[in-house]
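The structure under discussion appears below in the form of structure tokens.
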Amino acid sequence: MLGAALAIPAPSELLDNKDRRIVNGTDASILDYPFAISLRGGTGSHSCGGSILSELWILTAAHCVGATTVMMQTVQVGRTELSQKADESVYRIEEVISHPEYDSRNSYINDIALLKLAKPLTFSDRVYPVRLPHHMFEVEDDPNDLQVTLVGWGLTSTGGALPTKLQRVDYYVVPNEECNAIHTSTIYPSQICAAYPGGGKGQCSGDSGGPLLHHGVQVGIVSWSVKPCGAAPYPGVLTKVSHHLDFIRQHTRILH
């Protein structure tokens with residue numbers, strides 16, 4: 001899975017805003033990840049990922065939404081295999097709240113947004129909220145416990161095919177100091193990096209906005225990455241959820 005491109009001096013080395021999905025993952029079931037959602041464009045096709053926070057709120061990346069989101073985009077829930085049909089799994093969006101300090105020109109910092117649905121979700125074994133981290137939770141605090149999981153419907157390779165089913169990939173957190181030394185753009189404390197040793201696995205087109213999980217808790221939101229997808233030694237860069245809990249709570253009143 002790969003995230004959005006960075007606005008830096010060498011754009012040819014980076015993924016553009018439409019190139020963001022999972023590389024070398026395996027099939028997964030929505031029953032195991034009932035919080036995973038697909039953010040759809042005007043034609044009903046998948047554009048980005050996201051996660052369920054509550055009956056009315058969805059968490060995604062700020063670069064996945066814009067001024068036309070309420071009119072042109074919808075959210076599909078409870079599906080392992082996506083459909084472009086407008087059935088009971090598709091919900092309209094009533095409101096979009098992007099982080100006020102989101103900056104696509106500065107390493108996509110604060111790349112986080114909240115979507116309020118026009119009607120509440122009905123929870124089931126296929127539709128259920130994700131768990132959020134505790135305040136100041138940092139995966140890097142334990143160097144012996146760095147494995148994370150990414151789920152989504154992103155491309156299986158740069159310029160590759162869309163998967164027909166939800167995908168997952170297991171890889172590892174890269175400490176911010178190391179990630180910052182590899183990338184030409186600054187990696188901030190509010191971001192988290194992940195990669196597979198030697199490359200070949202990771203985020204790609206369509207994965208943006210989707211959840212990075214550590215022991216079932218969402219610790220990251222897919223933001224951006226160098227292309228081709230999964231290229232070594234460049235880790236994928238994600239928004240660190242624990243640094244934005246106040247933003248989430250302020251607007252959604254969610255306490256978990």
Side-chain angles (χ1 to χ4, degrees), residues 1-5 15 17-30 32-41 45-53 57-65 69 73-82 93 98-99 108 111-115 126-133 139 148-157 160 162-171 173 191-196 201-214 216-225 229-230 235-241 244 248:
M1 303 176 172
L2 255 115
L15 195 63
N17 281 338
K18 295 182 180 178
D19 197 7
R20 39 179 192 271
R21 306 186 185 185
I22 287 179
V23 176
N24 285 329
T26 57
D27 288 353
S29 170
I30 198 68
D32 295 320
Y33 306 100
F35 45 80
I37 67 95
S38 169
L39 184 62
R40 298 149 44 107
S45 59
H46 174 80
S47 62
C48 279
S51 54
I52 297 171
L53 291 177
W57 291 97
I58 303 296
L59 183 65
T60 190
H63 78 259
C64 288
V65 296
T69 291
Q73 292 179 281
T74 55
V75 169
Q76 186 167 48
V77 303
R79 293 288 187 267
T80 295
E81 196 161 350
L82 296 181
I93 299 168
S98 293
H99 196 288
Y108 283 79
D111 192 5
I112 181 173
L114 299 165
L115 308 179
R126 292 176 171 270
V127 180
Y128 202 75
V130 71
R131 293 164 55 199
L132 295 180
V139 177
V148 285
T149 298
L150 185 64
V151 296
W153 290 271
L155 293 179
T156 55
S157 64
L162 284 171
T164 58
K165 295 182 178 180
L166 180 66
Q167 300 288 295
R168 63 168 283 175
V169 64
D170 296 323
Y171 54 163
V173 171
Q191 294 172 313
I192 184 172
C193 299
Y196 190 81
K201 293 185 179 183
Q203 61 203 53
C204 196
S205 299
D207 287 323
S208 283
L212 181 75
L213 307 165
H214 181 255
V217 174
Q218 182 170 355
V219 296
I221 303 167
V222 177
S223 183
W224 63 268
S225 176
C229 301
V237 181
L238 307 93
T239 301
K240 189 177 289 183
V241 174
H244 296 284
I248 294 171

Does the pair Thr239 and His244 meet the rule for a side-chain hydrogen bond (donor to acceptor under 3.5 Å, both in side chains), with working shown?
CA-CA 9 Å; Thr239 301; His244 296 284; 5.6 Å; no
Evaluation steps, side-chain contact (heavy atoms from CB on, under 4.5 Å), between Val169 and Thr26:
CA-CA 7 Å; Val169 64; Thr26 57; over 6 Å; no
With side-chain contact (heavy atoms from CB on, under 4.5 Å) as the test, would you mind laying out the steps for Gln167 and Asp27 before giving the verdict?
CA-CA 5 Å; Gln167 300 288 295; Asp27 288 353; 2.7 Å; yes
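For the pair Gln218/Leu59, a side-chain contact is recorded, criterion being any heavy-atom separation below 4.5 Å from C-beta on. Residues Val65 and Leu39 form a side-chain contact, since some pair of their non-hydrogen atoms from C-beta on lies under 4.5 Å apart. Taking 4.5 Å as the limit, some side-chain heavy atom of Ile58 sits within range of a side-chain heavy atom of Ile52. Put simply, the side chain of Val237 reaches to within 4.5 Å of the side chain of Cys193, judged on heavy atoms. Taking 4.5 Å as the limit, some side-chain heavy atom of Leu53 sits within range of a side-chain heavy atom of Val130. In this structure, Leu213 and Tyr33 have side chains that are in contact, with non-hydrogen atoms separated by less than 4.5 Å. At a threshold of 4.5 Å between non-hydrogen side-chain atoms, the residues Leu238 and Ile221 do not count as touching. At a threshold of 4.5 Å between non-hydrogen side-chain atoms, the residues Ile112 and Ile248 count as touching.
Residues forming a side-chain hydrogen bond (donor to acceptor under 3.5 Å, both in side chains) with Thr80 (at least two apart in sequence, or on another chain): none. Legend: residues meeting ring pair (Phe, Tyr, Trp, His ring centres under 6.0 Å) with Phe35, ordered by chain and number and at least two apart, are absent.
Atom CD1 in Ile93 sits 12.0 Å away from atom CG in Leu114 (nearest 0.5 Å). Note that NZ of Lys165 and CD1 of Ile30 are 13.0 Å apart. Values are rounded to the nearest 0.5 Å. Between the NE2 atom in His214 and the OG1 atom in Thr149 there is a gap of 9.5 Å [rounded to 0.5 Å]. Gln191 CD to Ser223 OG: the interatomic distance, rounded to the nearest 0.5 Å, is 6.5 Å.
Smallest separation of non-hydrogen atoms from Val241 and Gly220: CG2-N, 3.7 Å.
A donor-acceptor contact shorter than 3.5 Å links the side chain of Gln73 to the backbone of Cys64. Between the side chain of Thr60 and the backbone N or O of Gly49 there is at least one donor-acceptor pair closer than 3.5 Å. Using modelled atom types, one side-chain atom of Asp111 and one backbone atom of Ala62 make a donor-acceptor pair closer than 3.5 Å.
Between Trp153 and the choices Ser47, Ser38, Cys48, the side-chain contact (heavy atoms from CB on, under 4.5 Å) rule is met once, by Ser38.
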